[in-house]
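Notes to accompany the following structure.
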Number of protein chains: 2
Amino acid sequence: MRTAIVLEMPTWSALALDGLRAAGLRRGGARRAVVEYLGAQDCCCSAQEIREGIAASGSAVGVASVYRALDTLAELRLVQRVDVGDGVARFEPVRADHHHHHHLVCDDCGRVAPFTDEPLERALERAAGRLGYTLEQHDVVLRGACDDCRRGLAPPGA
Amino acid sequence: MRTAIVLEMPTWSALALDGLRAAGLRRGGARRAVVEYLGAQDCCCSAQEIREGIAASGSAVGVASVYRALDTLAELRLVQRVDVGDGVARFEPVRADHHHHHHLVCDDCGRVAPFTDEPLERALERAAGRLGYTLEQHDVVLRGACDDCRRGLAPPGA
DNA sequence: ATACGTGCAAAGTATTTGCAAACGG
DNA sequence: CCGTTTGCAAATACTTTGCACGTAT
């Protein structure tokens with residue numbers, strides 16, 4: 001008898017809110033807004049982006065609250081901080097189910113793109129094992145020129 | 001007739017100073033001091049650390065000059081910026097000859113330790129190739145507990 | 001001699017913190 | 001209702017910039 005157990009893939013937002021509850025934390029305005037905004041993104045975003053994104057959808061939260069929410073979520077291992085070298089901290093959901101991804105940073109226009117690579121993932125795990133290191137988090141940042149910049153196109157953003 | 005061509009392994013400092021000259025840049029006080037300090041380190045250090053290190057050896061340079069020197073060196077690909085997630089930019093020599101290393105960051109005490117792993121290195125190159133990406137720089141930051149912290153020892157620094 | 005480099009201090013950003021008010025449970 | 005959470009604004013930390021002077025070439 002087969003049952004459709006895996007059909008429900010809870011969103012990261014739902015998982016994160018559960019995580020907050022499990023930790024005995026409240027999910028009022030700011031915290032919830034941050035979780036919901038992050039859950040809708042597919043790559044990392046800065047605190048400012050999060051704040052603006054939330055503002056764009058009607059509500060408004062203080063920057064401080066965004067940082068505090070991110071801090072809390074990071075402690076619970078629900079979000080991961082990603083540093084791409086521009087002095088701005090970025091954050092992204094840690095999705096257990098989803099494939100982990102890493103980051104390509106364009107040296108030219110500064111844009112950040114996600115990528116996944118299974119062999120790399122395995123190499124990382126083996127490396128950690130070899131070092132006797134319990135891998136809590138990891139992040140690979142590769143730098144180079146993105147497709148757009150390589151082709152001499154002006155970056156759309158700036 | 002064999003000549004002892006490879007016996008001289010020029011220090012990174014020497015290479016960096018050459019690089020500066022090649023770029024038509026001067027190597028006066030601050031720039032030279034930064035290069036010499038960095039060349040003597042085996043892992044990444046922050047601008048403040050560099051400044052203090054230089055101060056400790058007699059000379060004194062302004063923070064601004066350290067940042068400017070690092071900026072210049074980074075543009076020449078002589079140093080690489082390393083971000084370990086504590087909001088402080090760190091920098092380290094790019095040693096062509098030497099084996100590239102990556103970073104282990106202790107989630108507990110925050111210390112940064114270098115490590116090398118050949119298979120990981122190869123996996124990175126293959127991944128970049130697979131992505132059609134010209135790898136200019138890369139940095140892997142692994143997070144977890146360092147040996148000291150795992151053993152419940154108090155971190156020596158703080 | 002002269003343009004490049006440097007130091008100082010002031011300015012600019014990103015992030016954190018203190019505190020009273022708001023609100024979730 | 002009560003203690004957590006939030007927003008605001010002030011504080012902090014890091015990094016950058018302007019400008020006058022010093023110095024390598």
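We name chains A, B, ... by the order of the sequence lines, and we start the count at 1 in each one.
A distance-only check finds a donor-acceptor pair linking the side chain of B/Glu49 to the backbone of B/Ser46 [under 3.5 Å].
B/Leu25 has its CG atom 15 Å from the C1' atom of D/dT23, to the nearest Å. Rounded to whole Å, the distance from CG on B/Leu20 to P on D/dA24 is 15 Å. One can place CZ of B/Arg21 at 9 Å from P of D/dT25, the figure rounded to the nearest angstrom.
Salt bridge status for B/Arg68 with B/Asp71: absent, with no side-chain N to carboxylate O gap under 4.0 Å.
Within a heavy-atom distance below 4.0 Å of DNA chain C, the residues of residues 71-90 of chain A found are A/Gly87, A/Val88, A/Ala89. Of the residues in residues 45-69 of chain B, those placing a heavy atom less than 4.0 Å from an atom of DNA chain C are B/Ala60, B/Val61, B/Gly62, B/Ala64, B/Ser65, B/Arg68, in numerical order.
Atom OH in B/Tyr133 sits 8.5 Å away from atom CZ in A/Arg143 (nearest 0.5 Å). Distance CZ/A/Arg31 to OG1/A/Thr72: 5.0 Å, rounded to 0.5 Å.
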Could you tabulate the donor-acceptor pairs under 3.5 Å formed by side-chain atoms of residues 73-90 of chain A, not counting sequence neighbours?
{"from": "A/Arg77", "atom 1": "NH1", "to": "A/Glu136", "atom 2": "OE1", "distance (Å)": "3.1"}
{"from": "A/Arg77", "atom 1": "NH2", "to": "B/Asp107", "atom 2": "OD2", "distance (Å)": "3.1"}
{"from": "A/Gln80", "atom 1": "NE2", "to": "A/His138", "atom 2": "O", "distance (Å)": "3.1"}
{"from": "A/Arg81", "atom 1": "NE", "to": "A/Asp83", "atom 2": "OD2", "distance (Å)": "2.9"}
{"from": "A/Arg81", "atom 1": "NE", "to": "B/Gly85", "atom 2": "O", "distance (Å)": "3.3"}
{"from": "A/Arg81", "atom 1": "NH1", "to": "B/Gly85", "atom 2": "O", "distance (Å)": "3.3"}
{"from": "A/Arg81", "atom 1": "NH2", "to": "A/Asp83", "atom 2": "OD2", "distance (Å)": "3.3"}
{"from": "A/Asp86", "atom 1": "OD1", "to": "A/Val88", "atom 2": "N", "distance (Å)": "3.2"}
{"from": "A/Asp86", "atom 1": "OD2", "to": "A/Arg90", "atom 2": "NH2", "distance (Å)": "2.9"}

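For A/Arg122, the salt bridge (Lys or Arg N to Asp or Glu O under 4.0 Å) partners two or more places apart in sequence, or in a different chain, are A/Glu118. Listed by chain and number, the residues in a salt bridge (Lys or Arg N to Asp or Glu O under 4.0 Å) with B/Arg26 amount to none (sequence neighbours excluded).
In 5' to 3' order, the nucleotides of DNA chain C bounding all contacts with chain A (an atom under 4.0 Å from a heavy atom) are C/dA14 to C/dG25.
Contact of the B/Val112 side chain with the B/Val141 side chain is not registered, since no non-hydrogen atoms from C-beta on lie closer than 4.5 Å. B/Asp117 places a side-chain heavy atom less than 4.5 Å from the side chain of B/Phe115.
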Could you walk me through whether A/Leu38 and A/Cys45 satisfy the side chain to side chain contact (heavy atoms under 4.5 Å, CB included) test, starting with their C-alpha distance in whole Å, then the side-chain angles of each, then the deciding distance to 0.1 Å, before giving a yes or no?
CA-CA 8 Å; A/Leu38 269 180; A/Cys45 26; 3.6 Å; yes

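If you find the closest nucleotide of DNA chain D to A/Gly28 and to B/Gly28, the one lying nearer the 5' end belongs to A/Gly28.
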